[in-house]
Every structure is written in structure tokens, then in C-alpha cells.
Amino acid sequence: MSDCLFCRMVKKEIKCDVVYEDDRVLAFRDINPQAPVHILIIPRKHIETSLDIKEEDASLIGHIYLVASRLARKEKIDKSGFRVVTNCNRDAGQAVFHLHLHLLGGRSFSWPPG
Ligand code: AMP
Ligand code: ZN
């Protein structure tokens with residue numbers, strides 16, 4: 001989608017701090033980090049929210065989680081622990097309507113989340 005911020009990052013129209021990419025996903029550092037490690041992992045394909053994931057996306061979603069685990073190891077937050085979050089719609093505070101996983105780590109998090 002031409003007016004989607006994350007699609008524009010996929011197309012390299014907007015610069016971002018890429019930490020990993022392959023034919024299906026792009027991962028980059030969040031511009032407003034909420035933890036020492038805060039990486040966003042997105043599918044290259046435009047999917048608006050987690051409600052829009054289709055059966056045909058099952059392998060893609062699995063792949064995104066595998067990338068999150070690999071990046072957690074690479075960033076050395078695997079042993080201490082990390083959080084993987086997807087916000088969906090208003091009450092969760094979703095701001096960018098292109099599916100993304102937040103990979104957060106490097107500090108401890110409270111539960112339940114605020
Ligand atoms: P969400 O609230 O789950 O939709 O998260 C959107 C995230 O995108 C926020 O954590 C923002 O800080 C992040 N973000 C917005 N614009 C950019 C950008 N240009 N580069 C990197 N991260 C961004
Ligand atoms: Zn998009």
C-alpha cells in the first residue's frame with residue numbers, strides 16, 4: 001500500500017535501521033525504543049492487523065516468530081528474557097496498521113502490561 005509507512009520502508013522509500021531482512025520479512029529498530037532492545041519485525045506483505053491474518057499466511061507468521069527468536073539470541077536477550085508483542089486496534093494502541101511484532105528486551109517488564 002502506497003500510503004502505509006511500513007510498506008514504504010519495505011520499498012526502501014523511507015530509511016530505517018535494518019537488523020535483518022529476507023524475502024518475506026524486514027526487521028528494524030524502533031524509532032522510539034521502549035527498552036534497550038526494541039526491534040520491529042514485519043512481513044513484506046501488507047497485512048493490516050492480526051485479525052487480517054489468513055490461513056495462507058500461517059507459514060509467514062511462523063517465520064516471523066522464528067526470526068524474532070533468532071534476533072533475541074543475536075541481541076543476547078535470550079537468556080535474560082524478552083517480550084514479543086503485537087498490538088491490535090484501538091484499545092491495544094496500534095498506531096501503524098501494517099502487522100508487526102515488537103521484540104523487546106534488555107530490561108525487566110511488569111505483568112500485567114499497562
Ligand atoms: P504500534 O503502536 O504497535 O502500532 O507500534 C508502532 C511502532 O512503530 C511504534 O513503536 C513506533 O515507535 C514505531 N515507528 C513509527 N515510525 C517509525 C519509524 N519511522 N521507524 C521505526 N519505527 C517507527
Ligand atoms: Zn503496509
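Predicted model only: the values in this text are computed from it and were never measured. Worth knowing before you read on, the calculation uses all heavy atoms, side chains too, and leaves out hydrogens, waters and symmetry mates. Atoms within each ligand, like the ligands themselves, are counted from 1 in listed order.
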**Q** Atoms of ligand 1 less than 4.0 Å from Leu40 heavy atoms?
**A** 7 (C), 8 (O), 13 (C), 22 (N)
**Q** Nearest 10° is fine: what angle sits at the Zn ion (ligand 2) between ND1 from His98 and ND1 from His46?
**A** 110°
**Q** Assess Phe97 for proximity to ligand 1: is some non-hydrogen atom of it under 4.0 Å away?
**A** no
**Q** Go through ligand 1 atom by atom and flag the ones less than 4.0 Å from a non-hydrogen atom of Phe6.
**A** 8 (O)
**Q** Do Leu40 and Ile47 belong together in a cluster built from hydrophobic side chains that touch within less than 4.5 Å?
**A** no
**Q** I need the atoms of ligand 1 closer than 4.0 Å to a non-hydrogen atom of Asn32, numbered in the order shown.
**A** 12 (O)
**Q** Is Cys16 near ligand 1, meaning one of its heavy atoms is under 4.0 Å from it?
**A** no
**Q** Relative to ligand 1, is Phe28 under 4.0 angstrom through side chain, backbone, both or neither, heavy atoms considered?
**A** side chain
**Q** Please could you name the atoms of ligand 1 that Arg29 approaches to less than 4.0 Å, counting only its heavy atoms?
**A** 21 (C)
**Q** Which residue and atom name correspond to the protein heavy atom nearest atom 18 (C) of ligand 1, and how close is it?
**A** Met9 CE, 3.2 Å
**Q** Below 4.0 Å, non-hydrogen atoms only: which portion of Val85 touches ligand 1? Side chain, backbone, both or neither.
**A** neither
**Q** Is Leu5 touching ligand 1 with its side chain, its backbone, both, or neither, if touching means heavy atoms under 4.0 Å apart?
**A** side chain
**Q** Ignoring hydrogens, just give me the one of Asp30, Asn87, Asp17 whose non-hydrogen atom is nearest atom 13 (C) of ligand 1.
**A** Asp30
